[in-house]
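For reference, the structure is listed below as structure tokens.
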Amino acid sequence: MSEHHAPKQFDPVVILSERFARAIRAAFPDAAAADPMITPSRRAEFGDFQSNAAMPLAKKLGVNPREAAAKIIAELDLGDLAEPVSDADIAGPGFINLRLKPQTLGAMLGAMDTPSLGIDPPADPPTVVVDLCGVNLAKQMHVGHLRSMVIGDAVARSLERLGAKVVRQNHVGDWGLPIAMVTSRVRGEAEAGRLELDGLTLDDLDRLYREAQLECSPDGRGLAAARKWDMGPKAIAELEAQVSGSEEALARAKATLLSLQSGDAETVRVWRTIADVTLNECLAICKRLRVLVDEEHSAGESSYADELSPLVQDLIDRKVAEEDHGALIIRVRDVTQPCLVRKSDGGFLYATTDLAAIRRRVQKLGADRVIYCVDARQSLHFQQVFGAAIRAGYATKPGAHSHSSLEHAGFGMVLGEDHRPFKTRSGENVKLAALLVEAEERALRVVTEKNPDLPETERGPIASDISVAAIKYADLSNDRVKDYVFSFDRMLSFEGNTGPYLLYALVRVRSIFRKAAERGIEGEPGAELLLREPAERTLALTLLRYPSVLRAVGETLEPHRLCNYLYELASSFSGFFDACPVLIAEDPAVRASRLRLCALTGRVLEDGLTTLGMPTPQRM
RNA sequence: GUCCCGGUAGCUCAGCUGGAUAGAGCAGCGGACUUCUAAUCCGCAGGUCGAAGGUUCGAAUCCUUCCCGGGACGCCA
């Protein structure tokens, strides 16, 4: 209490842990460091919190657990924090149940009611690089990108909220042979007069990309099969022509890659056009989804192109890399497959670029953590690259004695309701843009139906908010690494555990304050919190958990923890809202207390939703 | 073949370093609207936590084996 700079402690788990630790030290000097194991009770009838410390303690010391619990209680000094604890509060094998006094609960909540909501930045904020989005040139964005954008953004926002200095990096796939292929194709089509570079769209590019892939990759297996099954000279001749045609196209693509690398003006112009068209569309979708990724966050593979050759030379010079079957590899501890950094034809691979990226992110950008929000299927790749980067010293900041943390926040696939990868009926990838349009149309229909009083001009933006909330929440509320089933009907049914439900809870809070203003009622920021009703207690206990939930998200990079929490909060609030009249409460003190509860709930909801990257409309 | 990830209610999913009678939502059934936005709330019903062993006071959670599903496996990204 003497250090007035230290934030006032409000977290009941922390406060109770201190008291229990003291009691344990007194009761069992031999096990002075034992964990008090304080957790919120799972069921309200057991009280507010419980200590599970007695059982492990008894096991360690070879005594009866209930007796151990009794000895802890005998030494326990909870002052006026909680209702008196007696042996009657020892339950089952030795749980100690606790119930906070209403005044204490109110005081704790009051202490959390600060501008930061109890989440203050650390004294020495870490720098965190978050790799997200990761679009590829000339490819239409689909649901796979959705996850990287949505999860990556939520992770970045969470870390920012916790006080980290976050640097977002959009590692655009804008280099290498596939890009050269499409560049070559686009240039060829333009020169043949079949394509206008100025009016190029992403749809054009998407088509040309696939054509380029086809034209460059012969169906060698088809030819082999034709020979094997003796499909006749005609079929074989056709396939042979295809193969030789593809060899020509491939040669052109390789030449285009060389031109690009050497900075040939005309080739670069075509390539830049492709990049601009792709990136504009990508950034537009980010904006629409409220994903904070902009032009300044782009750090394409091309930006590392000049670093690769010296980097590989450095690896050779320092004997980190070795030759194997003509290729250059880095062996990594605990990973059976080595990391391949140069092909036997001298070309570089995506691992090479990723090494350069890690080096830049750690050594230039100063990252203490580098986080990759990338498909979980790439986990082996990241194990290899992380291990190689650490071995090479690229993951260590200048002057630091240990390497920064490299983390792959992988995510599962988006599945359709048939549990197969989410595709259109014709088997195409679902375009992100089309997905957003459909969600918004559906949302507009429901808004119109549910709230016909809303002015026309407000419905559009609200439908947009709701559709974004629905899509993002559906993605974020499932465990990141698992696949999840995409269903418009479920996410937009607006019932139960959905994004719109959370928005609705917030809107109800805001509505109360609009109503209050109409009636000339003002909330008192410092009103005493009177928590007499069960619904008020539940809401207060839920609110107090917010900071620790957010910290857990920062550590585990699992936004679904915050989703679950916000759902519980919205649910607690709905229960409170139903059971406890606010504006029409008779006692002015009760009304003031409830208004403050509402205000706090609104702020936590808004803060949490914003941290997830969800919109926070005023009404819906 | 090797390695990784999953399997929890009819459906979609939570379940923290082992803790009480395994929880939500949807769907089903039954209640609550002269509303502080019912996009809500309350109740009922619904489970051999993939299977079998093991560890222990206690296992959905940890270990082993197996079954099922998905994925990744140097010269694509």
Side-chain angles (χ1 to χ4, degrees), chain A residues 35 37 39 41-43 46 50 52 55-56 58-59 64-65 91-95 97 136 173 175-179 217 301 324-329 335-345 347 349-351 353-354 375-381 383-384 410 412-413 415 417 419 421 446-447 449-451 453 466 474 477-479 481-485 487 489-491 493-498 500-501 503-505 507-516 518-519 535 548 552 556 558 560-561 563-564 567-568 571 574-585 594 598 619-620:
Chain A
D35 186 344
M37 297 185 70
T39 72
S41 296
R42 230 141 55 92
R43 307 165 74 100
F46 295 145
Q50 66 187 59
N52 300 340
M55 284 88 76
K59 182 190 245 176
N64 178 299
F95 304 103
N97 290 328
N136 296 307
W175 207 243
L177 195 54
I179 303 303
S217 64
E301 292 174 342
D324 192 89
H325 294 83
L328 198 68
I329 63 166
V335 183
T336 47
Q337 312 278 6
C339 181
L340 199 58
V341 293
R342 193 181 63 195
K343 299 191 281 186
S344 45
D345 70 359
L349 299 104
Y350 68 135
T353 310
D354 279 340
D375 196 319
R377 285 175 294 189
Q378 297 206 27
S379 81
L380 175 61
H381 166 69
Q383 280 180 47
Q384 293 169 332
M413 289 186 297
L415 305 178
E417 293 186 72
H419 288 216
V446 184
V447 171
E449 178 203 323
K450 297 272 184 190
N451 199 346
D453 298 338
I466 290 174
S477 60
N478 288 309
D479 190 349
V481 301
K482 293 189 186 174
D483 297 344
Y484 83 97
V485 176
S487 162
D489 285 335
R490 222 181 10 253
M491 72 177 77
S493 76
F494 300 175
E495 266 156 34
N497 190 359
T498 65
Y501 174 81
L503 262 42
Y504 181 63
V507 162
R508 286 169 112 188
V509 173
R510 289 179 166 167
S511 171
I512 286 200
F513 286 96
R514 269 198 306 273
K515 214 56 141 205
E518 280 171 22
R519 298 180 190 181
S548 63
T556 61
E558 292 174 348
H560 80 280
R561 291 165 183 267
C563 292
N564 285 343
Y567 177 68
E568 282 178 47
S571 197
S574 292
F576 158 81
F577 191 75
D578 201 66
C580 303
V582 180
L583 297 178
I584 48 183
R594 288 181 181 167
C598 288
R619 56 184 97 222
M620 64 190 274

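FYI, side chains are in, hydrogens and waters are out, and symmetry mates aren't considered; it's all heavy atoms of this structure. Residue numbers start from 1 in every chain, and the chains themselves are labelled A, B, ... in the order their sequence lines are given, proteins ahead of strands.
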Given atom CE of A:Met37 and atom P of B:G58, what is their separation to the nearest angstrom?
-> 16 Å

I'd like a list of close polar pairs between nucleotides 5-8 of chain B and the protein, N/O only, cut-off under 3.5 Å.
residue, atom, partner, partner atom, Å
B:G7, OP1, A:Lys482, NZ, 3.3

Base, sugar-phosphate alone, or nothing: which one does [X] contact when heavy atoms must sit under 4.0 Å apart?
{"X": "A:Pro65", "value": "nothing"}
{"X": "A:Asn97", "value": "base"}
{"X": "A:Leu328", "value": "nothing"}
{"X": "A:Pro500", "value": "nothing"}
{"X": "A:Phe46", "value": "base"}
{"X": "A:Ser574", "value": "sugar-phosphate"}
{"X": "A:Cys580", "value": "base"}
{"X": "A:Ile512", "value": "base"}

Measure distances between side-chain N and O atoms of A:Gln50 and base N and O atoms of B:A20, and say whether any donor-acceptor pair falls under 3.5 Å.
-> yes

Do A:Thr336 side-chain and B:C3 base share a donor-acceptor contact under 3.5 Å?
-> no

B:A45 - base-pair partner by Watson-Crick or wobble geometry, distances under 3.5 Å = none

Pairing partner of B:A27 (Watson-Crick or G-U wobble, both distances under 3.5 Å) = none

For the residue pair A:Tyr567 and A:Tyr501, does the interplanar ring angle fall in the parallel (under 30°), tilted (30 to 60°) or perpendicular (over 60°) class?
-> tilted

So, does [X] get its side chain near the phosphate of [N], meaning an N or O under 4.0 Å from OP1 or OP2?
{"X": "A:His560", "N": "B:G15", "value": "yes"}
{"X": "A:Arg42", "N": "B:G19", "value": "no"}
{"X": "A:His381", "N": "B:C73", "value": "no"}
{"X": "A:Arg43", "N": "B:G23", "value": "yes"}

When you check every protein heavy atom under 4.0 Å of nucleotides 25-32 of chain B, what one-letter string (B, S, -) results, 5' to 3'?
-> SSS-----

Are A:Phe95 and the base of B:A20 stacked, counting only ring centres nearer than 5.5 Å and planes tilted under 30°?
-> yes

